[in-house]
Visitor: 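The following block contains the structure, expressed as structure tokens.
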2 protein chains.
Amino acid sequence: MKYFTNACPAPGAGLILPRVKKSGRIIIPRKTIYRLSIYLRCLARLKENGLDTVSSEALAKAAGVKPTQLRKDLACFGTFGTRGLGYDVTELSSRIADELGTSRLQPVILVGVGNLGLALLSYRGFEKEGFEIIAAFDANPRRPRNKQIAQPILGMDVMPKFIAEHGVKMAILSVPAPSAQEVANHLVECGVAGILNFAPIVLTVPEDVMANNVNLAIELENLSYFIRE
Amino acid sequence: MKYFTNACPAPGAGLILPRVKKSGRIIIPRKTIYRLSIYLRCLARLKENGLDTVSSEALAKAAGVKPTQLRKDLACFGTFGTRGLGYDVTELSSRIADELGTSRLQPVILVGVGNLGLALLSYRGFEKEGFEIIAAFDANPRRPRNKQIAQPILGMDVMPKFIAEHGVKMAILSVPAPSAQEVANHLVECGVAGILNFAPIVLTVPEDVMANNVNLAIELENLSYFIRE
DNA sequence: AAGCGTTTGTGAAATATTTCACAATATTTC
DNA sequence: GAAATATTGTGAAATATTTCACAAACGCTT
Ligand SMILES: NC(=O)c1ccc[n+]([C@@H]2O[C@H](COP(=O)([O-])OP(=O)(O)OC[C@H]3O[C@@H](n4cnc5c(N)ncnc54)[C@H](O)[C@@H]3O)[C@@H](O)[C@H]2O)c1
Ligand SMILES: NC(=O)c1ccc[n+]([C@@H]2O[C@H](COP(=O)([O-])OP(=O)(O)OC[C@H]3O[C@@H](n4cnc5c(N)ncnc54)[C@H](O)[C@@H]3O)[C@@H](O)[C@H]2O)c1
């Protein structure tokens, strides 16, 4: 059977508003940003396997895109390949990480320590991707039994101070849908600029704040369309 | 402060391969499919508020898109508005649900009952979106203490029989990354045609199978790009 | 039942993204 | 060190998506 990569490498993000950042630099399309994240993960795997250099063809294949697309994506923010040879794996990784802003560990907080929030809190996979959930907040903060959670679980009252003191710019929002907009507003007031939202509603945030929604029901629904003959 | 909807309504899906389904019908772009899911949720909210009809302008605003885009999206699979009046909320909902294949409750299984899998299993929000997780499977099946889980948690050996008997077509995959591809292959052999994958790898599946990836690290990374000035 | 105000549906234009094609430039081989 | 080989970077073409602009169609009012 012929196998090929028939998947959306970055799933949740089904619908992308055409908002891009212009900051002196060239504008990078939103879809390119997502692909850069994928390239970064492929490069990490290559590095683990001891590869020093990689061609656009090989990397593109690993990422499930065409080589020209990869090169166009990279062209958005520089030229760092060697013709005839390819790209230096380490250098390309670090340039992409710089561009994405993940070259240093980012502090993240989580709000809403319920079923989902607890699973995310205890997940040890974010650190090696450049993120660390440094604290969690809940309207009703309780330490769960039978769980080793490294982070403090705090009340909402201390959140503003904590965000200010730790320079937190990103938050994961896993509160029930009816509270989500209210909590999001609060986060924004405290200075959070990026929110990863799991509540099944469309958040409204100011222009200079970015909210990404992960809506699992929509992902399932999307699948259900494509599986019908 | 001027607030507006600065969010990706369907998050995880950052990168969308241009694969579309042609089945006699008109081809519907993948992005349109995602938006249809959003429209469906907005319509549900309108119905709760007692609205009978809605104009493309009002619905588009709720969904965070332009009215012309909404109308173009709907035009992909029919014409059911009334000029001068708008759309019948109930009728439009049911036509979209038909198109997406969620007009009947879909049985879904979950594989990998760990931290994340358990949170998903105990989540009661999927039913009203048209999905029901009817069983879970794990290489090491254990009933969790302190948790009411309605679904059976079964061993991998009984999975093929279960899938065949219940006509399962969709699966949620929440096993560790190193096992994900192997389990996915197994699911495909059993007849599963749609996989929602949480493991941070790009799955390779046959052409007639769809895999959507939810990669939270990529979502965070995406945010981290946009929050830098 | 005719006129008015609305709102849809859609071809055409505008915009964005992807792919192509190839010159430019490096490495490797002999 | 020159020729052969490989691979990048990029303008231009192709494709896809979004937006515009407006005719057509409906409900409502009188
Ligand atoms: N659990 C899942 O698998 C799952 C799947 C998809 C979507 N979601 C969504 O994720 C969100 C969380 O789901 P969950 O199952 O963890 O819910 P949950 O009810 O288990 O947990 C919600 C937590 O948020 C806290 N909370 C409520 N209001 C708050 C407020 N105003 N400020 C701070 N904290 C508050 C509660 O105390 C609770 O601990 C929901 O919006 C849900 O729809 C969950
Ligand atoms: N927990 C999170 O918050 C989180 C966040 C992002 C991504 N993820 C990803 O989701 C996946 C699950 O995460 P988790 O934290 O729940 O992991 P986990 O280790 O808690 O659970 C994994 C479960 O899968 C089972 N399993 C392992 N191999 C299997 C196999 N071959 N067949 C069947 N079952 C098998 C294990 O018995 C275990 O119960 C991982 O790929 C992880 O990277 C998790």
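These numbers come from a predicted model, not from an experiment. Residue numbering restarts at 1 for every chain, and letters A, B, ... go by the order of the sequence lines.
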Visitor: Tell me: OH of A:Y34 to C1' of C:dT18, nearest whole Å?
Guide: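 The distance from OH of A:Y34 to C1' of C:dT18 comes to 20 Å, rounded to the nearest Å.
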Visitor: Let's test your reading of the pairing rules: Watson-Crick or G-U wobble, both distances under 3.5 Å, then write DNA chain C as a dot-bracket string with ( ), [ ], | and dots.
Guide: ||||||||||||||||||||||||||||||
Visitor: Would you tell me if any nitrogen or oxygen in the side chain of B:K31 comes within less than 4.0 Å of OP1 or OP2 on D:dT18?
Guide: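 Yes, such a contact exists.
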Visitor: With heavy atoms under 4.0 Å as the rule, sort A:S55 into base, sugar-phosphate or nothing.
Guide: sugar-phosphate
Visitor: Could you state the atom-to-atom distance from NZ of B:K66 to P of C:dT15 in whole Å?
Guide: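 Taking NZ of B:K66 and P of C:dT15, I get 12 Å after rounding.
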Visitor: Looking at A:T204, is its backbone amide N or carbonyl O close enough to the side chain of A:Q181 to form a donor-acceptor pair, meaning the two atoms are under 3.5 Å apart?
Guide: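 A pair under 3.5 Å: yes.
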Visitor: Does a side-chain N or O from A:R71 land closer than 4.0 Å to OP1 or OP2 of D:dG9, or not?
Guide: no
Visitor: Output every pair passing side chain to side chain donor-acceptor pair (under 3.5 Å) with a member in residues 66-75 of chain B, not counting sequence neighbours, ordered by first then second residue.
Guide: B:T32-B:D73, B:R35-B:D73, B:Y39-B:D73, B:S56-B:R71
Visitor: Please enumerate all protein N or O atoms sitting under 3.5 Å from an N or O of nucleotides 24-30 of chain D, with distances to 0.1 Å.
Guide:
from: D:dA24; atom 1: N3; to: B:R83; atom 2: NH1; distance (Å): 2.8
from: D:dC26; atom 1: O2; to: B:R83; atom 2: O; distance (Å): 3.4

Visitor: Separation of B:R30 atom CZ from C:dT17 atom P, in whole Å?
Guide: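 The answer, rounded to whole Å, is 17 Å.
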Visitor: Please determine whether a side-chain nitrogen or oxygen atom of B:S56 lies at a distance below 4.0 Å from atom OP1 or OP2 of C:dT8.
Guide: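 Checking B:S56 against C:dT8: at least one side-chain N or O falls below 4.0 Å of OP1 or OP2.
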Visitor: Are A:L92 and A:I96 close enough that some pair of their side-chain heavy atoms sits under 4.5 Å apart?
Guide: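 A side-chain contact exists here, since the closest heavy-atom pair is under 4.5 Å.
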Visitor: Tell me: CZ of B:F80 to P of C:dT7, nearest whole Å?
Guide: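 Whole-Å distance recorded here is 19 Å.
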Visitor: So, does B:S94 use its side chain to make a donor-acceptor pair with the main chain of B:S103 at under 3.5 Å?
Guide: no
Visitor: For A:R104, is the CZ atom crowded, meaning more than 12 foreign heavy atoms sit under 6.0 Å from it?
Guide: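 Atom CZ in A:R104 is not packed in, count stays at 12 or less.
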Visitor: If I take atom CG in residue A:D73 and atom P in nucleotide D:dT10, what distance separates them, rounded to the nearest angstrom?
Guide: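 After rounding, the reported distance stands at 14 Å.
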Visitor: Do side-chain atoms of B:N49 reach the backbone of B:L51 as a donor and acceptor pair under 3.5 angstrom?
Guide: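 Looks like no, no N/O pair under 3.5 Å.
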Visitor: Counting C-beta onward and ignoring hydrogens, is there a side-chain heavy-atom pair between B:Y225 and A:M210 closer than 4.5 Å?
Guide: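 No, every pair of side-chain atoms sits at 4.5 Å or beyond.
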Visitor: Of A:I172, A:L173, A:I133, A:L187, which meets side-chain contact (heavy atoms from CB on, under 4.5 Å) against A:I109?
Guide: A:L187
Visitor: Using the six-membered ring wherever Trp is involved, compare the ring planes of A:F77 and A:F80 and label them parallel, tilted or perpendicular (cut-offs 30° and 60°).
Guide: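 Tilted: the ring planes of A:F77 and A:F80 meet at 30° to 60°.
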Visitor: If you check the A:P29 side chain, which of C:dG9, C:dT17, D:dT17 turns out closest?
Guide: C:dT17
Visitor: Under 4.0 Å: is that the gap between some side-chain N or O of B:K72 and OP1 or OP2 of D:dT18?
Guide: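 B:K72 to D:dT18 OP1/OP2: no side-chain N or O under 4.0 Å.
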Visitor: Quick one: B:E57 CD to D:dT19 C1', roughly how many Å, whole number?
Guide: 15 Å
Visitor: Would you say A:Y87 places a side-chain N or O within less than 4.0 Å of OP1 or OP2 belonging to D:dA6?
Guide: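 Result: no.
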Visitor: What is the distance, to the nearest angstrom, from the CD atom on A:Q69 to the P atom on D:dT7?
Guide: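 Taking atom P of D:dT7 as the reference, CD of A:Q69 is at 20 Å.
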